[in-house]
A.B. asks: 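Got a structure for you, questions after.
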Amino acid sequence: MNAAILAAMVGFGASASTPPIEPAADLRDERRAAHRAGEPERELESIVRELAALDAAGGDSPHQLAALCDAVQAGFQVCGERLPERGCEATYLRRYADAGCLRDPLQLPRHHYMWADYWRRQMDFAAALAALRRAMEAAQPLFLARLFRSDPQGAAEFLDLTRDLAASAAIRTEIAAHLRSRTAVDRSFAALSLFLDVLTQAGDAYAAAVMRNQVAWGLLVLREAGLAVADPAPLLASALATFTAPDSSDRARANNVRINLALAAVQRREPDEADRQLAALADAAMSPEEDMWLHIVRVRAALARGDVADASRWQLALEQARFADVVPMGEWFAAWTRGLVAEARGQRPAAIAAYEAAEAVLEAHAHARNGAAYGAAADGRYHMFAATTRRLVDLFLAVGDPEAALWLARNARNRALRMHAREWCQEAERPRDGDPPPGALHLLYFPLELAADADDTTWVGFAATAAGVRAETLTLARVPADAHRLSERTLAPFAEQLLAPFEADIAAAEVVTIFPTDALHGLPFHALPWDGGILLDAVAVQYGLDVAACGEPLADDFGRALVVSGSDYSLPEEGEAVAATLRAGDVRVDHRTAAAREPLAPLLTGEVALAHLAAHGQHPADEAVFAADVQLAFGDDRVLTREDILAAPAVPRLVYLSACRSSFVDADTLGGGLSLAHAFLLRGARHVVGSVRDVDAHATRTFALDFYAALASSPAEDVAEAWRTAYLGARASLEPSLQDDLRMLRLFVP
């Protein structure tokens, strides 16, 4: 149901500067009439005849080329949006280039946009974002060159380019919604709003309506994932008014909007309103994706009314439609609603089987994709598919199988991480094996309800020890985004809700490993109030990745270390202080600056067992709003990226990342994203210290020196205890304004 928005390129968004070309003009009018009537087969047949007429007419005038490109773009639209089962979308993309359309600079942004739309429909968001970037780069200079032109031709081209830029912003907004990036949604929609104003003022209500519908779909996606976002209904109502107006009627798009309005009503628990919208559907052919969502909305509306028989009828129709052949993730949607209907019937085994089938679809999708280029926020895309995981976890608990529930929650948490890492490491395609060793306690938390902005949600907490698995249902207050900045008094309720049910397990543990999910990624578990102090006063705490590593460290002990310090004001000083502390513990130290030749070479070959990297964490400039990962910048054009780490033959056993956001965790994702710290762990590191947010340089330096001093006096394998000692020592020595910065630091383990 992702509404296509080729507003700048096809149908009624065609270039205002393209005059009729005989003898194809009548055919162009015919295919547009077929588009309005919602008759894609007739529309595609008209396009074929129109292109044949244009080819027969010959000529290479700009108007002739524009007419040809417009017809090819229309073919791309109808193949991709209305008739995906034909598989002709790529054919028209190739013909667009072969026809010479790219000779016209004004056509180039549209070419890139068509590729972006193609990849979006395939759910390959990395490729779509790359194509959108190329579209923006091609359109912006042309747009600016026509910004102040007042001649009719310049004004028409300016309007076309406005559509191109608006279309790019709209599709970026939808992708941001799929990736659950609220920041990206807000930024993309802000840019889109400016272009929509221009289109509205120019009288192009149709193009604006198409994009409003797509943005509304993005909001519906976010609501499906449990986020409290703006109401999509006003955008949808505006679009529907346009698509049902006599001068801009479009039955197919009106149907698309009505299905979206029905879904919005289901989300508001108003099944009667959903039925009203569906009853008004016009007589027009639907795309397979629209048809799938029509069935889904009918199933959910029937369940909301308590009419299980009606829901079963629509579920059967959904199963028989076989959308999976042409709709990405169509099998998951069918399995999801199959489970909902089975639960409504009281058929627990059938519901479990349905949700297990949905989980298998998610696993197959992750293993079939190279997700490395998605950025860490790609983890967010699995949130919209977590409904089956939540229900299956709950059902496993209900039948008394906490081990199966725990395995499922672990698998869902790290699915995106395994997808990211598979290009470099096949081992990372599975969770870590084995039970916790004696004295170790694993605490894993997973939401049973949508992790929305509600005041309270239901979670399950798992306590895993060498003796077995125990599960507790928890009621959790909403976790604020700046949880690390809360006072200990304000954090106390979270300790009561998350830790108190496992008090006996914590008291018996020597080390506690936390496996957070969703909103809990930003919560400083190690600093939660506990027994008159904080949790670290009672036991060593670390944060687990729970994914199999891609190899073993080459160096076994901490007898040799690498220190690399950036060139900025405080970084060389930190490097010198760290090197001196390590040498005082009889460690051989190789201290390199950013200006040295290949300063990172020992880091990426595993020649040392310990590495301290003093640098600045910065977002990559490209698509930074979609990426939670950070690269380390040392100065002198020296950077360390996630890809550098994952491609390394080996890495040190212990890595200290002294940089802001070096271990960034995204609270809008299941697994937290793939940060630099996670990359080191996947590559084979056993311990990584890093910061999940911006951290004061003095605070992290103080902690680092205490940490290395504690490490020198501890057994080599007891890094968690050394981290605990350092944290408590630094907390006591730092002034109160800097103590909270320590909460951003984490000790991560595989």
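Every heavy atom of this structure was used, including side-chain atoms; hydrogens, water molecules and symmetry mates were not.
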A.B. asks: Report the distance from atom CD of E174 to atom CE of M211, rounding to the nearest 0.5 Å.
C.D. replies: 13.0 Å

A.B. asks: Just jot down the side chain to side chain contact (heavy atoms under 4.5 Å, CB included) partners of A647, sequence neighbours excluded, or say none.
C.D. replies: W424

A.B. asks: Is any side-chain heavy atom of M292 closer than 4.5 Å to a side-chain heavy atom of M286?
C.D. replies: no

A.B. asks: Hey, does L240 have a side-chain heavy atom less than 4.5 Å from the side chain of L261?
C.D. replies: yes

A.B. asks: Looking only at non-hydrogen atoms, find the nearest pair between A264 and P232 and report the distance.
C.D. replies: CB-CG, 4.5 Å

A.B. asks: Would the distance check show the side chain of H678 and the main-chain N or O of S675 forming a donor-acceptor pair, the cut-off being under 3.5 Å?
C.D. replies: yes

A.B. asks: Is a donor from one side chain sitting under 3.5 angstrom from an acceptor on the other, for E359 and N411?
C.D. replies: no

A.B. asks: Does the pair R32/D29 count as a salt bridge with the N-to-O cut at 4.0 Å?
C.D. replies: no

A.B. asks: Is the F333-W293 ring centre distance short of 6.0 angstrom?
C.D. replies: yes

A.B. asks: Between R42, Q77, E30, which is the residue that forms a side chain to side chain contact (heavy atoms under 4.5 Å, CB included) with H35?
C.D. replies: Q77

A.B. asks: Could you tell me whether R163 and D204 make a salt bridge, using a distance below 4.0 angstrom between a side-chain N and a carboxylate O?
C.D. replies: yes

A.B. asks: With heavy-atom distances below 4.5 Å as the criterion, would you say the side chains of I171 and W119 are in contact?
C.D. replies: no

A.B. asks: For the atom pair CG (N256) and OG (S287), what is the distance rounded to the nearest 0.5 Å?
C.D. replies: 7.0 Å

A.B. asks: Report yes or no: do Q631 and T641 form a side-chain donor-acceptor pair below 3.5 Å?
C.D. replies: no

A.B. asks: Any side-chain heavy atom of R133 within less than 4.5 Å of one from L129?
C.D. replies: no

A.B. asks: List the steps and the verdict of side chain to side chain contact (heavy atoms under 4.5 Å, CB included) for R149 and F158.
C.D. replies: CA-CA 8 Å; R149 282 178 55 177; F158 176 81; over 6 Å; no

A.B. asks: Do you know which two heavy atoms are closest between F125 and R120, and how far apart they sit?
C.D. replies: CE2-O, 4.0 Å

A.B. asks: Are the side chains of L294 and R298 in contact, using a 4.5 Å heavy-atom criterion?
C.D. replies: yes

A.B. asks: Using the rule given for side chain to side chain contact (heavy atoms under 4.5 Å, CB included), can you reason through F195 versus F143, listing the C-alpha separation, both sets of side-chain angles and the distance that settles it, and then say yes or no?
C.D. replies: CA-CA 12 Å; F195 296 124; F143 180 85; 4.2 Å; yes

A.B. asks: Run the salt-bridge test on E43 and R31 with the 4.0 Å N-O cut-off and return the result as yes or no.
C.D. replies: no

A.B. asks: Measure the CG-SG distance between L44 and C88 for me, rounded to the nearest 0.5 Å.
C.D. replies: 5.5 Å

A.B. asks: What are the two closest heavy atoms between L27 and A53, and how far apart are they?
C.D. replies: CD1-CB, 4.0 Å

A.B. asks: Salt bridge check, R95 against D98: does any charged N sit closer than 4.0 Å to a carboxylate O?
C.D. replies: no

A.B. asks: State which residues pass side chain to side chain contact (heavy atoms under 4.5 Å, CB included) with D186; sequence neighbours excluded, sorted by chain then number.
C.D. replies: none

A.B. asks: Within the side chain of T337, is there an N or O that forms a donor-acceptor pair under 3.5 Å with the backbone of A334?
C.D. replies: yes

A.B. asks: In terms of side-chain geometry, is the basic nitrogen of R49 or D26 positioned less than 4.0 Å from the acidic oxygen of its partner?
C.D. replies: no

A.B. asks: Return the minimal non-hydrogen interatomic distance between L142 and R146, and the atom names on each side.
C.D. replies: O-NH1, 3.1 Å

A.B. asks: Return the CG to CG distance between N213 and L235, rounded to the nearest 0.5 Å.
C.D. replies: 9.0 Å

A.B. asks: In the structure I gave you, are the side-chain heavy atoms of C79 and P84 within less than 4.5 Å of one another anywhere?
C.D. replies: no

A.B. asks: Could you go through V78 and E89, starting from their C-alpha distance and side-chain angles, then the distance that decides it, and tell me whether this counts as side chain to side chain contact (heavy atoms under 4.5 Å, CB included)?
C.D. replies: CA-CA 8 Å; V78 72; E89 196 174 10; over 6 Å; no

A.B. asks: So does R300 pair up with E224, basic N to acidic O under 4.0 Å?
C.D. replies: yes

A.B. asks: Measure the CG-CG distance between N255 and L278 for me, rounded to the nearest 0.5 Å.
C.D. replies: 10.0 Å

A.B. asks: Return the minimal non-hydrogen interatomic distance between V229 and R223, and the atom names on each side.
C.D. replies: O-NH2, 3.1 Å

A.B. asks: Answer yes or no: is there a side-chain heavy-atom contact under 4.5 Å between Y92 and I47?
C.D. replies: yes

A.B. asks: Can you say whether the rings of H111 and Y96 are parallel (under 30°), tilted (30 to 60°) or perpendicular (over 60°)?
C.D. replies: parallel

A.B. asks: Y113 side chain to R134 main-chain N or O, any donor-acceptor pair under 3.5 Å?
C.D. replies: no

A.B. asks: Please check: side-chain N/O of R172 versus main-chain N/O of L132, any donor-acceptor pairing under 3.5 Å?
C.D. replies: no

A.B. asks: We want to know whether R253 and Y206 form a side-chain donor-acceptor pair, criterion being a heavy-atom distance below 3.5 angstrom.
C.D. replies: yes

A.B. asks: Does E39 reach the main-chain N or O of A284 with its side chain, forming a donor-acceptor pair under 3.5 Å?
C.D. replies: no

A.B. asks: Does the structure place the NZ or CZ of R121 under 6.0 Å from the centre of the six-membered ring of F76, at an angle of no more than 45° from the ring's axis?
C.D. replies: yes

A.B. asks: Who are the side chain to side chain contact (heavy atoms under 4.5 Å, CB included) partners of T242, not counting sequence neighbours?
C.D. replies: A205, A209, S248

A.B. asks: How close do L196 and A208 get, heavy atom to heavy atom, and via which atoms?
C.D. replies: CD2-CA, 3.7 Å

A.B. asks: Given the rule in the side chain to side chain contact (heavy atoms under 4.5 Å, CB included) test, do I259 and L281 qualify, once you have shown the distances and angles that lead to the verdict?
C.D. replies: CA-CA 8 Å; I259 296 172; L281 291 173; 4.1 Å; yes

A.B. asks: Measuring from Q140:CD to L147:CG, what's the distance to the nearest 0.5 Å?
C.D. replies: 12.0 Å

A.B. asks: Is any side-chain heavy atom of L682 less than 4.5 Å from a side-chain heavy atom of L674?
C.D. replies: yes

A.B. asks: So does S249 get a backbone contact from the side chain of R36, meaning a donor-acceptor N/O pair under 3.5 Å?
C.D. replies: yes

